[in-house]
Enquirer: 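Please see the structure below; I have some questions.
Basis for what follows: all heavy atoms, side chains included, without hydrogens, waters or symmetry-related copies. In what follows, chains are A, B, ... by sequence order, proteins preceding strands, each numbered from 1.
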Amino acid sequence: MRPEDLLISTPQGLYSPAGDFHVDPTRPVPRAVITHGHSDHARAGHGAVLASRETLDIMAIRYGADFTRQRQPAAFGERVEVNGVGITLHPAGHILGSAQVAIDWKGMRIVASGDYKPGADPTCVPFEPMRCDVFISEATFGLPVFRHPDPAQETAKLLSSLELFPERAHLVGAYPLGKAQRVMALLRAAGHDRPIYLHGAMEKLTAYYAREGIALGEVRLTRDAKPAELAGNVIICPPGAMTDIWSRRFPDPVTAFASGWMRIRARARQNGVELPLIISDHADWDDLQHAILATGCQELWVTHGQEDALVHWALLAGMRARPLHLVGYGEEEAEAATATEGEAPGSGATGSGATGSGVEA
Amino acid sequence: MNRFAALLDRLVYEPRRNGKIRLIADYFRHVPDPERGWALAALTGALSFRNAKPGLIRQLIAERTDPVLFALSYDYVGDLSETAALMWSTPPHGRNEEPPTLSAVIDAFATLGRGELPALLAGLMDRLDETGRWALLKLITGSLRIGVSARLAKTAVAALSEGTPQEVTPDAVELVWPGLSPPYEALFAWVEGRGAKPETADPAPFRPVMLAHGIEDADFAALNPASYRAEWKWDGIRVQAVRGHDPAGHVVTRLYSRTGEDISGAFPDLADALAFDGVVDGELLVLREGRVQSFNVLQQRLNRKSVTPKLIAEFPAHIRAYDLLVEAGEDLRDQPFDTRRSRLEQLVSRHDGGRLDLSPMIAFSSWEKLAEARADPAAHGAGGDAEAVEGVMLKRADSAYLPGRPKGPWWKWKHDPHSIDAVLMYAQRGHGKRSSFYSDYTFGVWTSEGELVPVGKAYFGFTDAELAEIDRFVRRNTVNRFGPVREVVHTLSEGLVLEVAFEGLARSTRHRSGLAMRFPRIARLRWDKPPAEADRLETLERLLKAEAPSPPEARSANSASSPQPEP
C-alpha cells in the first residue's frame, strides 16, 4: 500500500481518497478536518468540520455561527472514524486549539501537522511529537538562518524601550489570533502590569482567550483611550494597521513588530519597523529537524514555506522527501483582521490589508 | 560585545536623531570604561582594522555549512555578513565561554597577524549570539552603516553631562576631541563631572569647522545686508591649515579636511610652502599662472595614489584663505568675524612663501546688488577666476567661529537651481514618523512619443501640510500597488504636477530616460497645472547639453547618484 492511497494533494488542499475528507481545504468541501483557526487554514462554507473545540469556537467568532452545517469537536487523543479511516488530533503548540491530524488506515499512519512549534507557549497546549510513517510539515522558517531567540529576551527589548522612551506609545504589530495574545502573556510573565491597549480587531478573540482561562491581565481598547494615556504603554494592533491612517492618532509611536520574519533585517526595514521582536509561532530550523526526527518517519512531505531547503536536508538525512506545492497557505493573516476593525467607521481604513507586511508569522 | 551589538541592532532601525542620541547615551551610562570608549571609537570611525574581506567570511562559512543550504540562505537574506552571522552554528563547548568584550575583540584584531585572522574570527564567532556575530562582522569589515555620524555620537557623550553642575555642550566635546584617543576615559570623566577638561598635547590639532546653511528666498526678509559680509563661494576643497610647534620648538604643519582627516601627505608642496604660526581656514584650489582652475582639474590631482614631482608641477595647490582661527597661540574663535578678517588680512600680507592668498570680499549695499554680483562674478571682482565660483557666502560681521552648522551667522547662496514641472508617477511610504505617509515620489516627463518616463525621485522639499495633501492624493488616485509602492494616475488630463528643483543633470544608464538629477527636491505643488503641460524630455536634454562640462569625468556625472556634501 502506498501513502498516496490514503492522502494526496489536490487544488483544494490535502485529500484522503480512502476517508473522503480534506485537511485544511482552501475552498469549500463536503467534509473538512481543520488544524487551527488561522484564516489560511480555516475557511467558512464547508459541509462538516472536524476540529478541536477551541478551533470550532474561533471559527464561529470569525465567520459567524453558521460557518459550517455540522461541527464535530474532537478532544486531543480521541480517535474518530470517518469512512473507516481513523482520525486523531494531537496538540501542535501553534495557537490556542491548534492540532496535528494523525490519519490511520490499514496499519499506516500519516501525520499532517498544520502549523506547529515545539517551544513553550503559555497560551496553548504544548506540541507533542507523534510516531508516524509519513510526516507532513510546513517550512515557513525552513532555512538555517532562522533560529528564533528566547522570546523572553525579545520581550525584554520591548520593556527596555518603554523605559527609555516613556513618553512614546509602543505600537506592536501582531497577528490578531495567537500572536497578539502570546505577546500579552509574555509581557505579563516579564512583570509588565500596566494595562495593554488593543486595536478593535483583537477585541473578540482576546476576550475568548480570557474566557478560556488564559490570564492576560488588564486589557483596554485604544478607541476608548485618550492619546495622552497611551504614552509609555503597549498597543497591540494587526500588522496592516501600523502603516494605516489608524496609526496617526498616536503621537510619535515606536513601531514594533512581533514575527519570526524580524530575524532578517532587510525584511524588518522594508516594513518600516523600528523595534523588531523575533517572536514566532512557527518551528525554526532546529525545531523542524528535531520534530521531524522525533516522528521516526521514513517519508517527509513539505507543504509550504522554504520547502527546497527542508527537502534537501531530509534527503541528506536519509528520508524520502518531497514538496507538495500546495498553494494558498502562509498568506496575509492580517487582511481579514483589518476588515473586522471595529472602530471609527469611515476613518478611512481603505483596503490597507494589501499594503506592506505581506507575511504570516 | 553583547551590549554593543544590542546597541547597533537598535540603532539600525531607529530613524529619529533624538532617539539615536538617547540610545547611545543610555549605553554610555550603563557600560563601564574602557568598553564604552571603544564603542565610541567604533561609532566615530576612529578605528581601522586589518579589514576582514568578504572572501574570508565566505571561506569560514563554507567550511561549516552545506553549500546548497548556504546558497539558498544567502539568496534569501541578500547580505553576506548577515547570512554568515545567522547560519553560524555554535559548537556545544562555545556556549560555556563568556562572550568576548568589545575591548578584547579590538585588542585581538590590533595585535594578530594576517595568518591568524581566520582562526581568531572563528573563535570569536563561536562565543557570540546571532546579533553579536552580525555586529562583529560589521565592525571588522568596516561597514557599520547605522546612520550615526561622529557628531551624533559626540552629542550623546555631551548628553551624559545633563544633571551635573557643569553641563557640556556637543560643541565643547568637538573642541577637545582632536587631542583625544580611544578609549576616551578622560573625556567621560570630564562630561560626568569627575575630572578636569582634557588638554591636547598635539602641537597642530584640528579645530572643528564652521559650516553654513543654504539660504532660501524667504530668509532674506529677516536679514539686514549691513550686518553681513560677502565672499565668493569657491568650488574647491575646504581645508584647515595648522602650523604649531612642540615644546622642543619643532614646527609641525598639517592640512586637514573639513571632517578632520589629515590630508597633508597628499599636498607636501603646499605644506612646505606655508610659513605662518596659527590656524587658517580656506579653500584648497589648483592655481595656474594666477588663475583658479575648475574642480575637474583639482580632482585630477586628488584621484592620484602617489604624489609625484610631475603631478605637483602640473597641479600646484594653493590655499585661498577666508578665516583665521588661531594666531601665535592666541585663540581668535570667540572674536567677531570682522576682527578675525583683519587679522587674517595682515597675516596673508606678511606671508611670503606664496601659495596663500586672500579670498576677496564682495562689496554690496543691498541683497539686489549682491544678487547681481552672484549672477555675474566675473564683472564683480572674480575676474578670470569666475569659472570656479559656485555662489556667494554670507557671514555675519559679528559672528564668532562656532563648530558645526549653527543657523543664522553663516549662509551659502548658491547659483539658482534648475527646475522643471514633472508628473507624479509612483509614491512609496516613508520611514519612522512618515511610515503612514506616502512621502517618496517618483516623477516623470513626457517623451516626444507622448509617453511619461521617470526622471527622478524626491523625498523632501515639501512642508508637512503639503505632505498630507500629496498623501491624500496618492491614496485616492492609486491605480496599482507593488508592495509599499503605489502607482498613481498620470494621464494627460489627470494627475499631479510637481515643480522639481535640482542642481544638475548627468547621463545615466540606470534610468530609462537616460538622465539622472543631482539633489532633486519638490519645490511646489502645481495643482493648477494639467499633466499635459508638464515639461518634456527635450527640455532636459537641452539643459544637459548646455551643462555638459568638457572632460568626460565631469563632477556632476560622478556625484549624480550620491550627492556629495558641500565642500
Enquirer: So for A/F165, is it side chain, backbone, both, or neither that comes closer than 4.5 Å to the heavy atoms of chain B?
Expert: both
Enquirer: Hey, which of A/P276, A/S247, A/A268 has the most heavy atom pairs under 4.5 Å with chain B?
Expert: A/P276
Enquirer: To the nearest 0.5 Å, tell me how far B/N18 CG sits from A/D252 CG.
Expert: 9.5 Å
Enquirer: Salt-bridge test for A/R265 and B/D79: reply yes if a basic N is under 4.0 Å from a carboxylate O, no otherwise.
Expert: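 Salt bridge absent between A/R265 and B/D79.
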Enquirer: Is the shortest side-chain heavy-atom distance between A/R263 and B/L86 below 4.5 Å?
Expert: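 Heavy-atom side-chain distance check passes, below 4.5 Å.
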Enquirer: If you tally heavy-atom pairs under 4.5 Å against chain A, which of B/F482, B/F437, B/W134 wins?
Expert: B/W134
Enquirer: Looking only at non-hydrogen atoms, find the nearest pair between A/T243 and B/R475 and report the distance.
Expert: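 What the structure gives for the nearest pair is O-NH2, 3.9 Å.
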Enquirer: Give, for atom CD1 of A/I264 and atom CD of B/E82, the distance between the pair rounded to the nearest 0.5 Å.
Expert: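 Between atom CD1 of A/I264 and atom CD of B/E82 there are 5.5 Å.
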Enquirer: Please evaluate residues B/R22 and A/E167 with respect to the criterion salt bridge (charged side-chain N to carboxylate O under 4.0 Å, His left out), reporting the C-alpha separation (whole Å), side-chain torsions for both, the decisive distance (0.1 Å), and the verdict.
Expert: CA-CA 13 Å; B/R22 263 154 82 174; A/E167 77 288 3; 3.0 Å; yes
Enquirer: Can you tell me how far the CD atom of A/Q153 sits from the CG atom of B/D129, to the nearest 0.5 Å?
Expert: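 Spacing of CD (A/Q153) from CG (B/D129) equals 6.5 Å.
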Enquirer: Show the numbers, then the answer: is there a side chain to side chain contact (heavy atoms under 4.5 Å, CB included) between A/R267 and B/Y76?
Expert: CA-CA 10 Å; A/R267 194 110 189 204; B/Y76 186 87; 2.8 Å; yes
Enquirer: Checking heavy atoms, do the side chain of B/V485, its backbone, both or neither come under 4.5 Å from chain A?
Expert: neither
Enquirer: Atom CZ in B/R10, atom NZ in A/K157: separation rounded to 0.5 Å?
Expert: 8.0 Å
Enquirer: Can you give me the closest heavy-atom contact between B/S436 and A/D244, atom names plus distance?
Expert: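 Of all heavy-atom pairs spanning B/S436 and A/D244, the closest is CB-O, 3.9 Å.
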Enquirer: Counting only heavy atoms not in A/R248, do more than 12 sit closer than 6.0 Å to its CZ atom?
Expert: yes
Enquirer: Check B/S89 against A/R147 and note the closest heavy-atom contact, atom names and distance.
Expert: OG-NH2, 4.1 Å
Enquirer: Among A/L316, A/D286, A/V273, which residue forms the greatest number of heavy-atom pairs with chain B at distances under 4.5 Å?
Expert: A/V273
Enquirer: Between atom CG of B/L23 and atom OG of A/S161, what is the distance when rounded to the nearest 0.5 Å?
Expert: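 Nearest 0.5 Å value for the CG-OG distance: 7.5 Å.
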Enquirer: Measuring heavy-atom distances to chain B, does A/V145 have an atom under 4.5 Å in its side chain, in its backbone, in both, or in neither?
Expert: both
Enquirer: Measure across B/Y13 and A/M262 and return the closest heavy-atom pair with its distance rounded to 0.1 Å.
Expert: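 For B/Y13 and A/M262, the tightest heavy-atom pair comes out as OH-O, 4.4 Å.
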Enquirer: Please list, in residue-number order, every residue in residues 152-162 of chain B that has a heavy atom less than 4.5 Å from any heavy atom of chain A; write 'none' if there are none.
Expert: none
Enquirer: Give a yes or no on whether B/D464 atom CG has more than 12 heavy-atom contacts from other residues, nucleotides or ligands under 6.0 Å away.
Expert: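 No.
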Enquirer: Evaluate the side-chain proximity of B/E14 to A/L275: yes if any heavy-atom separation is below 4.5 Å, no if none is.
Expert: no
